[in-house]
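Structure first, commentary second.
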Amino acid sequence: MRMSKLFIRTLREDPAEAEIPSHKLLLRAGMVRQVAAGIFEFLPLGQRVKHKIEQIMREEMDAIGGQEITMPIVHPAELWKRSGRWYEIGDDMARFKDRNGRDYCLGMTHEEVITDLAAQMVDSYRQLPFMLYQIQTKFRDEPRPRGGLIRVREFTMKDGYSFHASFEDLDAYYPKVYQAYFNVFRRCGLDAIAVESDVGMMGGTMAHEFMALTPVGEDTIILCDRCGYRANRQVATFLKPTPPDEAPLPLEEVATPGVDTIAGLAAFLGVPESRTAKAIFLVAEIQAEDGSTQERFVFAVVRGDMDLNETKLANAIKARRLRPAHPDEIRAIGAEPGYGSPIGIRRENVLVVVDDLIPRSPNLVAGANKPDTHYRNVNYGRDFTADRVADIVAAAPGHACPVCESPLRAERGVEVGNIFKLGTKYSEAMGATFQDEDGQIRPIVMGCYGIGSGRLMASVIELNHDPHGIIWPVSIAPYHVYLVGLGTAKAHQVVEAADRIYFELTQAGIETLYDDRDERAGVKFNDADLIGLPVRLTVGGRGLERGVVELRNRRTGETQEVPVDRVIQGVRAVLDQEWARLRAMLKEETL
RNA sequence: CGGGGAGUAGCGCAGUCUGGUAGCGCACAGCGUUUGGGGCGCUGGGGUCGUAGGUUCAAAUCCUAUCUCCCCGACCA
């Protein structure tokens, strides 16, 4: 491709709207353009990267028996009503009516559609297992898109779904997907890690998220350097400290005027935060057994030195949704914001959930449910009890690893993919059943697996750039060679040499972007660095006089001169080295 | 949805407080010069100042409403 013909416009300055490196570089290198909040166009260079990423996904999915299909982006409401998600999902789903007034939505994921497909196609265990996938557009009307391609509303996702006759068969297949996912990311030059994740509302039994560790990530990952334990903070556990062994002391009211925070309380009374209990007031939407949902006031209690983990709490009480309670709701149950404890509150419609460390912690300081007053020596069992005792606090750096007790560490990560044992939630709802060997009708057991291609592309940039621009891994670089021709009309012998080398590279099947523009060397070099192809080849008058051209590795910065008649070999050598580097990242993973 | 910021040429910005016929840099077109890390000179094209009302002799500037975008938070199947 000739740069003079390429539909591109590189930018010298960072667009004002971009904050994070990948967003700035994608815009500056002319790979994408934003059309609206969270809605992007992929321009020719960006499109080539995206296409290569998707081709890698295809190959890895095919390698584990996947078959590619395309499902619609517009879904009839009827399918989503059958799964119930038409009613469960809020404004994230874009809905509309057709000319006849029928309800539709834009697909935010495709469990409903594909389960309906399976329901129609599958009758017998003989047809199982199989895995279908597609690479297709999703639309989720996110409340807040951000970070360029990191979090968008319209995006392309590789979503795969496997169908099995038994949980055992799904269990056997899941590790293959796990390995295939590592292969996808590593072949894209991304060293992602897998973490345990929340199965929550998807109703599955096991799930992993693949995380690209970068400060721009929206998730917090808790990890142990010693034993390799790693989990999303939403589900991460830790070994809780052993509380002091003390005999319960008499409950004692203490005036604490104006002290309504844990930090203030600990300072005021001269006790460590670990000797206090804090109350968090929430309202949960809980689904009853008959399917109806009801709101319940949730009174959560955790130790003062720890933070509530809402995901754990929601799972512990099977809440569909949690929101902070309003002050008047808090007072209605007899508690006082800032001075709350479960002692003496009205318990009728209140669900008291305490962290499992609370019953073991004697003589805590807790609120007295009236302004400016706390209790000393609060003891679980004697002074109050709970409806549920569970682990509901968030793991944090410094906490002890649940496996090896070493101090845990936290990092930020971008979720580039996830895999999920779905089970029979959708097959039961959508009537996707099969007849087993014994003639029994059973629901198909499902798994689902997703990777966002744009987010993956942005994550690769986050981890592969320098102050000059992007450094594409060779596997997904839009082209492999950036050929800089430094000749102009007056130095036509240089132009001719560059043209000839461009021809030879192309003939040799080497993907080349030929900068044939009438620009100064600096402009071309800067664009080459910005666009970030693995190899830069410079053809200039100075070198030609000695019969050489300059070959530069974008990643390492290594520069060498090669004879004009050995350009192809020279380029191939550098590219081979880059491919070898990616291959070296591949390795076996065990679950 | 809560908090903060911003909409002026393709991009980055000044001008707004204090109303008076819209400007700078880059980019773009032409010419010349230059030619291995974003050169220089001359000439030129391009903006109903987000939109709609209002105040005024006069509005980018003041008032009202509204839309959009970005950041932090909430949310994220």
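By convention in this document, chain letters (A, B, ...) are assigned in the order of the sequence lines, proteins followed by strands, and residues within each chain are numbered from 1. Keep in mind that this is a model prediction, so the values were computed, not measured.
Contact annotation: A:Arg12 does not reach the phosphate of B:rC11 (side-chain N/O to OP1 or OP2, under 4.0 Å).
Using a 4.0 Å heavy-atom distance criterion, A:Asp14 is classed as a sugar-phosphate-only contact. As judged by a 4.0 angstrom heavy-atom cut-off over every strand, A:Arg140 is placed among residues making no nucleic acid contact. A:Glu310 comes within 4.0 angstrom of the backbone, heavy atoms only, and of no base. A:Pro15 comes within 4.0 angstrom of the backbone, heavy atoms only, and of no base. Counting any heavy atom pair closer than 4.0 Å across all strands shown, A:Gln34 reaches sugar-phosphate atoms only and no base atom. Across all strands, A:Gly543 comes closer than 4.0 Å to base atoms (heavy-atom distances). Note on A:Arg323: nothing from the nucleic acid sits closer than 4.0 angstrom, heavy atoms only. Within the nucleic acid shown, A:Gly485 has no heavy atom closer than 4.0 Å to any nucleic acid atom. A:Arg33 comes within 4.0 angstrom of no nucleic acid atom, judged by non-hydrogen atoms across all strands.
Ion pair A:Arg85/A:Glu111 flagged as a salt bridge, since at least one NZ, NE, NH1 or NH2 atom sits closer than 4.0 Å to an Asp/Glu carboxylate oxygen. Taking the charged nitrogens against the carboxylate oxygens, A:Asp466 and A:Arg555 have no contact shorter than 4.0 Å, which rules out a salt bridge. The pair A:Lys421-A:Asp171 meets the salt-bridge criterion, since a charged nitrogen lies less than 4.0 angstrom from a carboxylate oxygen.
Computed from coordinates, the A:Asp307 CG to B:rA74 P distance equals 12 Å when rounded to whole Å. Going from atom CD of A:Glu19 over to atom C1' of B:rG73 covers 15 Å, rounded to whole Å. The separation between A:Arg144 atom CZ and B:rC75 atom P is 13 Å, rounded to whole Å. Protein atom CG of A:Asp219 is 13 Å distant from nucleotide atom P of B:rG73, rounded to whole Å.
For B:rG36, the base has a donor-acceptor partner in the side chain of A:Glu550 [N/O atoms by modelled type, under 3.5 angstrom]. Below the 3.5 angstrom threshold, one finds a donor paired with an acceptor across the side chain of A:Arg536 and the base of B:rG37.
Ring orientation note: the planes of A:Phe185 and A:Phe210 are tilted relative to one another, at an angle of 30° to 60°.
At least one donor-acceptor pair closer than 3.5 Å links the side chain of A:Glu462 to the backbone N or O of A:Ser22.
Few gaps surround NZ on A:Lys81; more than 12 heavy atoms of other groups in view lie less than 6.0 Å from it.
In this structure, B:rC57 and B:rG20 make a Watson-Crick or G-U wobble pair, each of the two defining distances being under 3.5 angstrom. Pair assignment for B:rG32: B:rC40, on the basis of Watson-Crick or G-U wobble contacts that are both within less than 3.5 Å.
Taking for each of A:Gln234 and A:Pro145 the nucleotide of RNA chain B with the nearest heavy atom, the 5'-most of the two is the partner of A:Pro145.
Taking atom C1' on both nucleotides, B:rU64 is separated from B:rC69 by 22 Å, rounded to a whole Å. With C1' as the reference atom, B:rA52 and B:rA60 are 16 Å apart, rounded to whole Å. Only the C1' atoms considered, B:rU56 is 34 Å distant from B:rG45, to the nearest whole Å. Comparing the same atom, C1', in B:rG25 and in B:rG39 gives a spacing of 16 Å after rounding to whole Å.
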